[in-house]
Novice: 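This is the structure I have questions about; it appears just below.
Below, each value reflects all heavy atoms present in this structure, side chains not excepted, and no hydrogens, waters or symmetry copies. Just so you know, ligand 1 is whichever comes first in the structure, and atom 1 is the first atom listed for that ligand.
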Amino acid sequence: MKVSQHWEKEKYEKNARFVSVYGEELIEWLNPQKDEYILDLGCGDGVLTKKITEYGCKVLGLDGSQKFVEAARKIGVEAVQGDAQNMNFENEFDAIFSNAALHWMIDAERVLESVSKALKKGGRFVVEMGGKGNIEKIENAIFEIAGKFGFKAKKIWFFPSEEDERVLLEKYRLKVKRMTKFLRPTILPTGIKEWLKTFSVPALENAPTELHEKLIDEMTEKLEKELEKNEKGQIIADYVRLRFEAVKE
Ligand code: BEZ
């Protein structure tokens with residue numbers, strides 16, 4: 001098994017395309033206006049970023065992965081590589097949009113500080129991310145199986161409750177206008193093993209690379225028993241979404 005900390009575009013395309021399909025609803029929350037300047041934080045392969053440009057606004061994608069930045073540029077999206085926890089923008093954007101990316105940025109305070117600085121006064125911060133309880137069974141299986149082999153899995157995701165996120169946002173002068181948390185049982189089109197291979201490897205950095213495949217096989221076996229399946233036998237992951245719009249005061 002090829003193990004990499006970097007996103008592999010093809011793997012993501014095959015195993016996680018549903019992420020940008022679901023993200024289209026979030027564009028309605030963003031309600032992009034002609035000539036606005038919008039930042040897509042954690043733009044991934046740029047598919048949603050490109051959709052936002054169709055509203056006649058200027059959009060910049062930012063992603064930590066150079067591979068994703070290149071993929072976004074290939075489809076005509078303006079994108080830069082950067083760390084959301086340490087951005088250099090000041091009073092620049094009318095809105096910042098982020099779909100299914102913020103839970104990867106575990107220093108939430110630094111992200112919000114950066115976001116607040118980058119937004120113009122009155123600018124919108126429109127986000128969908130994993131909320132408290134998101135992929136709980138999957139995360140527990142990662143910790144349990146790594147522990148069984150004598151390794152501590154690394155905590156790589158941040159899934160806040162509504163209250164915790166609200167307090168954090170308001171600390172950085174981002175006033176919550178609307179917020180909702182909901183369950184989104186999500187069919188994994190290529191199964192739990194492919195999902196684990198795509199997303200869980202950074203959590204296994206304390207375990208030797210040669211062991212990753214074995215760990216993922218054991219997690220797969222456990223989760224195939226524990227997670228729900230639909231009538232076609234496809235695994236349904238226990239996704240919980242936190243969606244909000246906050247405005248910079
Ligand atoms: C999510 O969208 O909730 C998610 C995706 C991959 C890894 C962790 C969480």
Novice: Any idea which atoms of ligand 1 are less than 4.0 Å away from a heavy-atom of N134?
Specialist: 1 (C), 3 (O), 9 (C)

Novice: Hey, is W195 touching ligand 1 through its side chain, its backbone, both or neither, going by heavy atoms under 4.0 Å?
Specialist: side chain

Novice: Should the proximity of R241 to ligand 1, defined as any heavy atom under 4.0 Å, be assigned to the side chain, the backbone, both, or neither?
Specialist: side chain

Novice: Q234 and N230: side-chain donor and acceptor closer than 3.5 Å?
Specialist: yes

Novice: So, the side chain of K248 versus the backbone of L119: is there a donor-acceptor pair under 3.5 Å, distance only?
Specialist: yes

Novice: Heavy-atom contact check, 4.0 Å cutoff: does M129 meet ligand 1?
Specialist: no

Novice: For N31 and R124, which I'm curious about, is there any donor-acceptor pair between the side chains at under 3.5 Å?
Specialist: no

Novice: At less than 4.0 angstrom from any non-hydrogen atom of I135, what atoms of ligand 1 do you find?
Specialist: 8 (C), 9 (C)

Novice: Does any N or O of ligand 1 fall below 3.5 Å from an N or O anywhere on W157, backbone included?
Specialist: no

Novice: With salt bridge (Lys or Arg N to Asp or Glu O under 4.0 Å) as the rule and sequence neighbours excluded, what pairs involving residues 71-85 come up?
Specialist: none

Novice: According to salt bridge (Lys or Arg N to Asp or Glu O under 4.0 Å), does anything in residues 126-135 pair up with another residue at least two apart or in another chain? List the pairs.
Specialist: E128-R184, E128-R243

Novice: Could you measure the distance from the CD1 atom of I192 to the NZ atom of K229? Nearest 0.5 Å is fine.
Specialist: 11.0 Å

Novice: Would you say W104 has any N or O atom under 3.5 Å from an N or O of ligand 1, going by distance alone?
Specialist: no

